[in-house]
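Below is one structure, written out as structure tokens; the observations come after it.
By convention here, the first residue in the shown sequence is residue 1.
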Amino acid sequence: MPSVAFYTLGCKVNQYESAALASLFAGHGYHIVDPGTGADVYVINTCTVTGTADQKSRQAVRRAVRRNPNATVVVTGCYAQLSPEKVAAIPGVDIVIGTSGRKEMVKMVEKAMTTGSRIVRVHDFTDDCAFEEIPALFEARTRAYLKIQEGCRDFCTYCLVPYARGPLRSRFPDAVLQEAERLVAAGFKELVLTGINIGNYGIELSPTVGLHRLISLILELPGVARVRLSSIEPGNVVPGLGDLMADEPRFCPHLHLPLQSGDDDILRLMGRRYRTADYRAMVGRLRERMPDVSVSTDVMVGFPGETEAAFTNTVSFIHETGFSGLHVFKFSPRPGTPAQTFSGQVHGREKERRLRLLLEESGDLTAAFAARFVGRVVHVLVERMCPEGFCEGFSEHYLPVAFEGAEESAGRIVPVKISAFDKGVLNGFSSF
């Protein structure tokens, strides 16, 4: 039985797609192995969101080639889509395939193995394209990603994603529900809906199906214990979505809402489709219905034109909003995007200073949010048992929890009384 190993960089969409490709290879008789072992085939699923992501993608490819120089090496994903010539130039790469047309990957691998030919296939998205159906395989039986949408039309001035992923394509509701049923039947308790811009789910379908309607349909399926969203743009949090989250306890009260900047001038330069007042009002509406809703976010530091005053506005907005956590990253000029040519580029040392400051803020914000659950009961999806007898998992608000009590098997949802928050983790006990 030939073996295949996957190395995945980047977002939850890439994680889903690697699982889908693993399912594809498994269906053709391949044995899925750890990327640290010697494999017959290596699939590197790349990212290009920053210059660092490009570098890490190249490093992963070279690492696979070194691990087994005789292996067939496949490079896919966003970096492969936008820089196929650079990827193909790396010694040892056999196949380059972008972000679509991947149903044929096994056939390409077997052709390369048989003929020794090199294959480069990248879709340019000028032709009509549809959502590519490749159901995913997951090893763990706790949380499963469920991809519902592909592509983006926003074209923020710093971002390559619309070029790498193409236009909006939504998965048909029947296909989403079929995969959800399969995952629930396999034992998964939590389904994490993911995509490139899931808030725009269904707008191009006929008839139109909104995200909140799709979630309602998923929750009607027998055995669905939890549904969670991976990330959604602030402007797509429509009232119906917030109402559904407030009224349905199985719809986890956690939203990751990318902010990027708390300064309106910078948001305008970024090409973002909201201003701070819009964001503030949207979070306020959510908290009117759900005072404990967990809102985490992305923040970019060092965007061209971000003065010290603009950065101070971002820090103030973060404090005011009271996020449950921050994902902070530095602006990276991406080739072909408008922001690459903007004036007012911020020096690297200043970017680093701002990054460190917000990372410190993130820890404080998470601690403050988590502290409100001390003395209360949360519901934890058990991920694993530790050698010391503690169970670990995540609460409905996506907070890490370690607790003691009767030995629990992974995949159960357990009520846990929280006693403390220590070193980034809620601690408690289950006696229910």
Side-chain angles (χ1 to χ4, degrees), residues 6 8 10-27 32 34 45 131-150 170-196 198 201 211-232 244-245 248-256 294 378-386 391-403 406-416 430:
F6 291 82
T8 306
C11 64
K12 291 180 175 62
V13 174
N14 270 12
Q15 293 176 41
Y16 172 89
E17 290 169 348
S18 288
L21 292 170
S23 177
L24 195 65
F25 275 90
I32 313 300
D34 186 270
N45 197 357
F131 186 94
E132 188 172 27
E133 283 285 344
I134 312 177
L137 168 75
F138 295 91
E139 294 183 1
R141 288 292 183 266
T142 55
R143 175 182 297 107
Y145 296 118
L146 176 52
K147 184 180 174 184
I148 64 170
Q149 181 273 337
E150 176 65 276
S170 298
R171 194 173 189 179
F172 286 113
D174 286 348
V176 174
L177 296 176
Q178 287 172 12
E179 183 158 7
E181 286 182 319
R182 182 178 63 82
L183 292 168
V184 170
F188 290 97
K189 297 298 184 185
E190 182 173 302
L191 305 179
V192 183
L193 306 188
T194 190
I196 299 302
I198 64 173
Y201 173 82
L211 177 61
H212 63 287
R213 176 57 182 158
L214 179 70
I215 297 169
S216 297
L217 293 171
I218 293 172
L219 290 169
E220 290 174 6
L221 298 174
V224 175
R226 275 186 181 176
V227 173
R228 189 185 298 278
L229 300 184
S230 57
S231 178
I232 183 170
L244 180 61
M245 179 176 284
E248 173 52 76
R250 293 175 298 160
F251 186 7
C252 292
H254 167 240
L255 289 173
H256 188 81
S294 173
V378 301
H379 296 84
V380 180
L381 175 60
V382 179
E383 303 275 348
R384 62 173 184 153
M385 280 288 297
C386 295
C391 298
E392 293 183 343
F394 285 87
S395 74
E396 57 268 56
H397 296 87
Y398 206 58
L399 292 170
V401 180
F403 66 95
E407 183 173 330
E408 304 287 355
S409 59
R412 287 193 61 198
I413 296 177
V414 179
V416 175
S430 174

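- Val414 approaches Ser430 most closely through the heavy-atom pair CG1-OG, 3.2 Å.
- The distance from the CD atom of Glu396 to the CD atom of Glu190 is 10.0 Å, given to the nearest 0.5 Å.
- Among all heavy-atom pairs drawn from Ile134 and Tyr16, the shortest one is O-OH, 3.4 Å.
- To the nearest 0.5 Å, atoms NE2 (His379) and NE2 (His397) are separated by 11.0 Å.
- Looking at Leu229 and Ile198, their side chains come closer than 4.5 Å, going by heavy atoms from C-beta outward.
- With Arg226 contributing its side chain and Val192 its backbone, the two residues share no donor-acceptor pair below 3.5 Å.
- Scanning all heavy atoms of the two residues, the minimum distance from Val382 to Cys391 falls at CG1-CB, 4.2 Å.
- Distance check, rounded to the nearest 0.5 Å: NE2 of His212 to CE of Met245 gives 13.0 Å.
- Counting only heavy atoms from C-beta outward, the side chains of Tyr201 and Leu193 never approach each other to under 4.5 Å.
- Between the CZ atom in Arg213 and the CD1 atom in Ile218 there is a gap of 11.0 Å [rounded to 0.5 Å].
- The shortest side-chain heavy-atom distance between Glu17 and Glu150 falls under the 4.5 Å cut-off.
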Open item on the list: Set out, in order, the CA-CA distance, both residues' side-chain angles and the distance that settles side chain to side chain contact (heavy atoms under 4.5 Å, CB included) for Leu244 and Ile215, then state yes or no.
Closed with: CA-CA 9 Å; Leu244 180 61; Ile215 297 169; 3.7 Å; yes
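- Closest heavy-atom contact between Lys189 and Ala225: O-CB, 3.3 Å.
- For the pair Arg171/Leu146, a side-chain contact is recorded, criterion being any heavy-atom separation below 4.5 Å from C-beta on.
- Put simply, the side chain of Lys147 reaches to within 4.5 Å of the side chain of Phe131, judged on heavy atoms.
- Remark: side-chain polar atoms of Asn14 are not paired, donor with acceptor, to backbone N or O of Thr8 under 3.5 angstrom.
- Between Phe6 and Phe25, the ring planes lie perpendicular to each other; the angle is over 60°, past the 30° to 60° tilted range.
- Pairing each heavy atom of Leu219 with each of Phe251, the nearest pair is CD1-CB, 4.5 Å.
- Contact of the Gln149 side chain with the Ile196 side chain is registered, since non-hydrogen atoms from C-beta on lie closer than 4.5 Å.
- Expressed to the nearest 0.5 Å, how far OH of Tyr398 lies from CG of Leu381 amounts to 10.5 Å.
- You'll find the side chain of Tyr145 stays beyond 4.5 Å of the side chain of Val13, heavy atoms only.
- Between Ser230 and His256, the closest side-chain pair of non-hydrogen atoms is not below 4.5 Å.
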Open item on the list: Go through it in stages, so that I can follow the logic: the residues are Leu183 and Leu191, the test is side chain to side chain contact (heavy atoms under 4.5 Å, CB included), and I'd like the CA-CA distance, side-chain angles, deciding distance and then a yes or no.
Closed with: CA-CA 8 Å; Leu183 292 168; Leu191 305 179; 3.9 Å; yes
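- Closest heavy-atom contact between Gly10 and Gln15: O-NE2, 4.2 Å.
- A side-chain donor-acceptor contact under 3.5 Å links Glu179 to the backbone of Ala136.
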